[in-house]
Amino acid sequence: MNMTRLWCIVLVACSGVAFAATDGQDLLDQYRKIYDASVTQYETDYRMAAQAWPIDYIRDLKALQTEQQSDGNLDGWERVNKELTRFRAEPTLAGIRSSLPELRSIQDTYRSNIEKFENEKRTKTEDLTEKYVARLEALQRDWTKDAKFDIAFAARDEIKRVEANRPATVEAEVEPSASEASKQTPKRSASSTETITHRDGTTVTPPGAPPPDKDGIRFSQKRLTTTDRSPWSTVIAIKLWDASETAKSSFEKDRFRGVVDAESKTDMRLARIGLQTTKSGSSGRDARLQVEYYAKPAGGSGSPRRVTTKTVPISYLDTRLIYIDLAPVAIESLSRTATTDWNRTHSRTDGDKFYGYKVTLLDANNQVLYEAVTESALREAATESEHNLVPRMKGPIKGSPRRRLGR
C-alpha cells in the first residue's frame, strides 16, 4: 500500500458519496491500515539504510588503508587503522572528524548520507500525517453534522492516536563525542508506543509490537543455555536470532622475490533479541540487557575471546514481547598467501572468526535476572563489569523470585 492508493481513497471519499455508519467505520479502518503501512515502510527503508552503511564504511576505510600503504604513507595508514579499530567498537560517526583529508572526506560523505536518510523519513512521515489528520478532521465534522456520533468519536480517537505517536521535536544541540554518545540513552518521544532508536542504530520495539521487517535479512534462532549465574527460577524469557552479512575484498602485491595474494573478510553480525516476562502480573522498569560477542582466532585453534559488548537499557518489561535489534558488529580476518620465485608457498590468516554470544539481563541493582550463552564453552568465560555503561536505575522486576543463598 502506498501514498497513491491512500489519496485515491481520499478522492473517492470526497466525491460526495454518502456513507452509512458501517461504511464510515470501514473507511476509517481502511485509512488506518494504509497510513500505518506507509509509516512502517518509511521506517523499514530507514533501518535498511542504517544497517547497510556501516558495512560500506568499513569497506571504504579498508580501500583507503590499502591506498595509503601503496603510497608508503605510514602516518596515513595508522590513522585509518585507528579509525577502523574505533568504529568496530563504536559504529557511529557522531563527533568524529579525522585530520587526514582523504579519511575526513569519507566521513563527511557518510555523515551527510545518514542525515539525508533521517530527513527523508521524517519529511515523508510528517507530510503524510498532516494530510491524514486534515482528512480525519473533515470527516469528523461531516459525521457530526449528520449525527453519526459513534463514527465521529472514532475519527477523533484516531486523530489522538496519530498525534500522540508523532515524534517529539528535538532542539538542536552540540554533537557529542563518540565515547559520550555510546553512553547516552536515546531521546524519547512523549509516546510509549514508539520504537526507540539508539545512537549506534540499535532499536527497541514497544511491548507487543511485531518484529521490524528487514527485507533481504534472514534471521535464524540460536539455542540459549543458561549459566550458573542465572537464577534457578526466573520469570524472564529471552530468545536470540542471528544473521550474518559477509563482505570480501582481495588484492595482489608484487614483492621483490614473489607475489602476495591477500583476501580480507568482514563478517557483520546482526543480532535480534526477544524479551518478555513469563508470569502474568510480572513487570518491571529500567532493567538493562547486555550482549557479549565472542570470537576465535581465524587462523587456527584458540580460546574464545570477547570482541565487544552491547548494553541496552530496557525501560519497561512485561508479558508482551519486545524486540531489540542490535547495531551490527564487525568481525574481521585477513588471509595472505605468498608465492616465491622458487614456487614455495606460505599462507597465514590473522584476525577473528565469530564464535558465539552471551546474553545477560540485569535489574536496577545489578542483580542477574537471566544469563545464557549460545556455546557451552562460554559458560565459564569471565565477564568483566559493564555496569558503568549506563546510569543506575530503579525498580526491580516484580514477581522475580529471590536467588537462593550460596549460588
Side-chain angles (χ1 to χ4, degrees), residues 1-14 17 19-47 118-171 185-198 203-214 275-276 283 285 314-325:
M1 296 186 183
N2 52 35
M3 284 283 293
T4 302
R5 183 175 176 184
L6 174 60
W7 300 122
C8 284
I9 294 175
V10 171
L11 290 175
V12 171
C14 294
V17 178
F19 292 99
T22 302
D23 294 330
Q25 185 61 58
D26 289 343
L27 179 66
L28 201 58
D29 291 343
Q30 215 169 6
Y31 275 15
R32 183 186 299 111
K33 289 179 182 179
I34 296 173
Y35 173 80
D36 289 346
S38 298
V39 172
T40 299
Q41 186 61 53
Y42 299 155
E43 288 286 347
T44 299
D45 292 343
Y46 172 73
R47 286 175 187 160
E118 293 174 344
N119 290 336
E120 284 182 352
K121 183 194 72 171
R122 182 173 58 254
T123 300
K124 289 180 179 179
T125 303
E126 289 178 351
D127 182 60
L128 179 61
T129 300
E130 183 179 347
K131 293 176 180 177
Y132 182 42
V133 169
R135 183 59 195 145
L136 290 174
E137 289 174 343
L139 288 173
Q140 178 186 317
R141 286 193 299 270
D142 292 342
W143 284 328
T144 300
K145 292 177 182 178
D146 294 340
K148 297 176 180 178
F149 296 110
D150 288 345
I151 190 61
F153 280 123
R156 188 179 69 178
D157 291 342
E158 176 65 1
I159 292 172
K160 289 180 180 179
R161 181 187 76 93
V162 173
E163 292 286 3
N165 287 333
R166 273 186 171 179
T169 301
V170 180
E171 295 181 0
T185 55
K187 296 186 182 298
R188 305 183 186 189
S189 70
S191 172
S192 62
T193 60
E194 271 190 16
T195 294
I196 298 172
T197 302
H198 293 253
T203 60
V204 182
T205 65
D213 182 15
K214 295 188 174 180
L275 181 60
Q276 65 185 149
S283 64
R285 295 183 181 276
I314 306 298
S315 61
Y316 184 77
L317 187 63
D318 60 18
T319 55
R320 296 172 296 173
L321 193 63
I322 65 172
Y323 293 94
I324 301 99
D325 278 7

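This is a predicted model, so every value here is computed, not measured.
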Salt-bridge contact Lys131-Asp127 (side-chain N to carboxylate O under 4.0 Å): yes

Exercise: identify the closest heavy-atom pair between Arg32 and Asp29: NH1-OD1, 3.0 Å

Rounded distance [0.5 Å steps], OH in Tyr132 versus CZ in Arg135: 11.5 Å

Non-hydrogen atoms of Leu136 and Ala155 that approach each other most closely: O-CB, 4.3 Å

Straight-line distance of His198 NE2 to Ile324 CD1, nearest 0.5 Å: 9.0 Å

Salt bridge flag under 4.0 Å for residues Arg161 and Glu158: yes

Ile159 side, atom CD1; Gln140 side, atom CD - distance, nearest 0.5 Å: 4.5 Å

Non-hydrogen atoms of Leu128 and Ser38 that approach each other most closely: CD2-CB, 3.5 Å

Closest heavy-atom pair and its distance - Pro212, Asp325: CG-OD2, 3.7 Å

Tyr35-Thr129 side chain donor-acceptor pair, cut-off 3.5 Å: yes

Minimum-distance pair of heavy atoms, taken over all atoms of Ile322 and Tyr316: CD1-O, 4.4 Å

Atom pair CG (Asp213) and CD (Glu43), whose distance is rounded to the nearest 0.5 Å: 12.0 Å

Contacts of Tyr46 that satisfy side chain to side chain donor-acceptor pair (under 3.5 Å) - sequence neighbours left out: Glu118

Atom pair CG (Leu317) and CG (Leu275), whose distance is rounded to the nearest 0.5 Å: 4.5 Å

Glu120 side, atom CD; Asp45 side, atom CG - distance, nearest 0.5 Å: 9.0 Å

Donor + acceptor pair across side chains of Asp26, Gln30 (<3.5 Å): no

More than 12 heavy atoms from other groups under 6.0 Å of CG on Asp150: no

Expected output: side-chain Asp318 to main-chain Arg320 donor-acceptor under 3.5 Å: yes

